[in-house]
Amino acid sequence: MLQQSKPPRAVIGSYWEANAGQPRLDRQLMGNALFDVAVIGAGYAGLSAALKLAQKGVSVCVLEAEHVGFGASGRNGGFCCLGGTKLDGRQLIRRFGLEEARRFVAYQVAGINLVAQRLEAWGVDADRHSMGEMYLAHRSRDVAALKSEASFLKENFGMKARLLSKEALGEEGFGGDGFHGGLHVPYGFALNPMTYVLALADQVRKAGGGIFGKSPVTNLTRDGERWHLETMHGYVRAKKVVLAGNGYARENAPKWLYGRTLPVMSSIQVTRPLSDGELSAQGWRSDTMAADTRILLHYFRLLPDRRFLFGTRGGIFDAEPALTKMRKRARSDFETMFPAWVDVETEYSWHGNVCMSRALTPFVGAVPGMEGVYAALGWHGSGIAMASISGEKLAGLITGALKPQDLPAPLQQPLKKFPLPLFRKLYLQGAYWLYGWKDR
């Protein structure tokens, strides 16, 4: 018999959490249950797969270790944009060929459009704003690279990116002495990511899918023709399984996951609302989402309520001393880049995991050697659009509506283990030191 309870909700402490409304707390799985498909992870990918499956009449449940929006889907910077890989366009072409690179870029654009269509169709007010994304040169020599990128994007992908001089940036409200030029890519928009993921979960429930919170999968084994997913207080038996935990996945459920992903921390701070005078002093008026050209990039944007969001990469360890150091470094970077706001208080501060893969590309498909198990993960810090569309596509693979070759080649490669996976975070530290030196 399936019994349920509602344990208390874990708190993230994010700005999104404070402004997305009180979420529904899903009951904990207690006892046993039988489904056609069990999804591990209630983020964009897992919920998108569950929604599509439920709409097709498939019996599906989602097992979440905490609650909807607890992981990266409720913690990210709210950039629904191009991305999902750490490979640039030239690297994609060299590795996969021009045609497959174009398919992959078109896939990213389709992901952005999917999220926009969902918000409109569901009548969700997610504080959407920003027409595309601005990339800001943090060194004068990077302007030439942005100019080259604009030509490359137009020639190979038909993208009409717009190059801005330092003076033009100021005229359009991107004020800052540390910005030497910009490249505006007209794809994507900003939103409250928590509002979106909560709305996505509501659609799963309306379609008949089950969501269980506080139900981490501790073991995954084969049980005859079905998979046995063990949780703290019960288990689910399912014909097929979706792994969608991304940077929050437990690497022992299944053991195949061990060493194949690299969770990397990203931190975000949100200020109090800025006054007209403070915005004028910095020369920042634009609400376009932006990022700089560093390898260890900063990403930032002016929110609709005139607060300023500032995010950084570079954290590794989640012990409190390391987190404190990461927050101080982020605040120092903020004050350096936006000196007019040195006295503007930070009111929200939180962090989350970005999921990297060894190949620097996502994986969407069947897990080798585990019949009936599928995975969708590895968004490299840009998962709103990519995870949303990939969850839908994975549902198509499960039902047979799609074949693996229907997906762009960069998505088809199963995750490989990192060398010496036990020491992943240690050699990541060395990489960060190198990146920091290159970013100077």
Side-chain angles (χ1 to χ4, degrees), residues 1-12 17 20-55 57-75 194 197-257 370 372-377 391 395 398:
M1 179 180 179
L2 181 63
Q3 299 180 5
Q4 301 175 338
S5 66
K6 283 189 177 181
R9 178 173 178 258
V11 176
I12 299 169
E17 187 178 56
Q22 189 64 29
R24 171 174 171 174
L25 292 183
D26 295 289
R27 294 183 180 273
Q28 188 176 36
L29 176 69
M30 300 188 72
N32 58 76
L34 192 69
F35 290 91
D36 292 331
V37 180
V39 178
I40 303 175
Y44 303 129
L47 291 171
S48 294
L51 176 59
K52 196 71 172 181
L53 290 168
Q55 290 172 338
V58 177
S59 170
V60 59
C61 75
V62 182
L63 299 169
E64 166 58 40
E66 286 292 344
H67 58 78
V68 172
F70 180 79
S73 294
R75 298 175 186 243
M194 180 71 84
V197 75
L198 294 180
L200 179 53
D202 283 341
Q203 293 298 316
V204 172
R205 299 183 191 103
K206 290 177 182 178
I211 302 176
F212 299 102
K214 292 285 185 179
S215 302
V217 176
T218 57
N219 198 21
L220 176 63
T221 56
R222 191 71 178 176
D223 184 9
E225 295 183 352
R226 292 180 178 267
W227 288 96
H228 184 281
L229 295 88
E230 187 174 342
T231 69
M232 291 188 297
H233 301 291
Y235 64 86
V236 169
R237 294 180 68 240
K239 294 179 181 177
K240 296 182 180 180
V241 176
V242 172
L243 308 178
N246 207 41
Y248 291 81
R250 293 181 175 228
E251 292 195 331
N252 62 343
K255 293 180 180 179
W256 174 84
L257 275 173
M370 300 186 71
V373 178
Y374 298 79
L377 67 171
I398 291 172

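Along the sequence shown, the residues carry numbers beginning at 1.
N219 and A253 get closest at one heavy-atom pair: N-CB, 4.1 Å. Shown here for V62 and A50, the closest heavy-atom pair between the two residues is CG2-CB, 3.6 Å. Annotation for G69 and V197: closest pair CA-CG1, 3.9 Å, computed over non-hydrogen atoms. For A238 against L229, the heavy-atom pair with the smallest separation is CB-CD1, 4.4 Å. Pairing each heavy atom of L29 with each of H233, the nearest pair is O-CB, 3.6 Å. The two residues F35 and S59 come nearest to each other via the heavy atoms CD2-OG, 3.2 Å.
Using a cutoff of 4.0 Å between basic side-chain nitrogens and carboxylate oxygens, D223 and R226 are not scored as salt-bridged.
From Y374, atom OH reaches atom CG of L243 across 11.5 Å, with rounding to the nearest 0.5 Å. Note that NZ of K214 is 12.5 Å distant from CG of D26, once rounded to the nearest 0.5 Å. In this structure, CZ on R205 lies 9.5 Å from CG on L200, to the nearest 0.5 angstrom. Atom OG of S215 sits about 13.0 Å away from atom NE2 of H67, to the nearest 0.5 Å. The distance from atom CG of N32 to atom OG1 of T231, rounded to the nearest 0.5 Å, is 10.0 Å. To the nearest 0.5 angstrom, E64 atom CD is 9.5 Å from I211 atom CD1.
A heavy-atom distance below 4.5 Å is found between the side chains of V242 and I398. L257 places a side-chain heavy atom less than 4.5 Å from the side chain of L377. Within the 4.5 Å cutoff, side-chain heavy atoms of L63 are placed close to those of F212. The side-chain heavy atoms of M194 and I12, taken from C-beta on, include a pair separated by under 4.5 Å. Between T218 and R250 there is a side-chain heavy-atom pair separated by less than 4.5 Å.
Residues passing the ring pair (Phe, Tyr, Trp, His ring centres under 6.0 Å) test with Y235, sequence neighbours excluded: H228. A65 meets the side chain to side chain contact (heavy atoms under 4.5 Å, CB included) test with P216; sequence neighbours excluded.
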Could you pull out every donor-acceptor pair under 3.5 Å between side chains of residues 38-47 and any protein atom, sequence neighbours left out?
unit_1 : atom_1 : unit_2 : atom_2 : d
Y44    : OH     : S73    : O      : 2.7
Y44    : OH     : N76    : ND2    : 3.2
Y44    : OH     : P193   : O      : 3.4

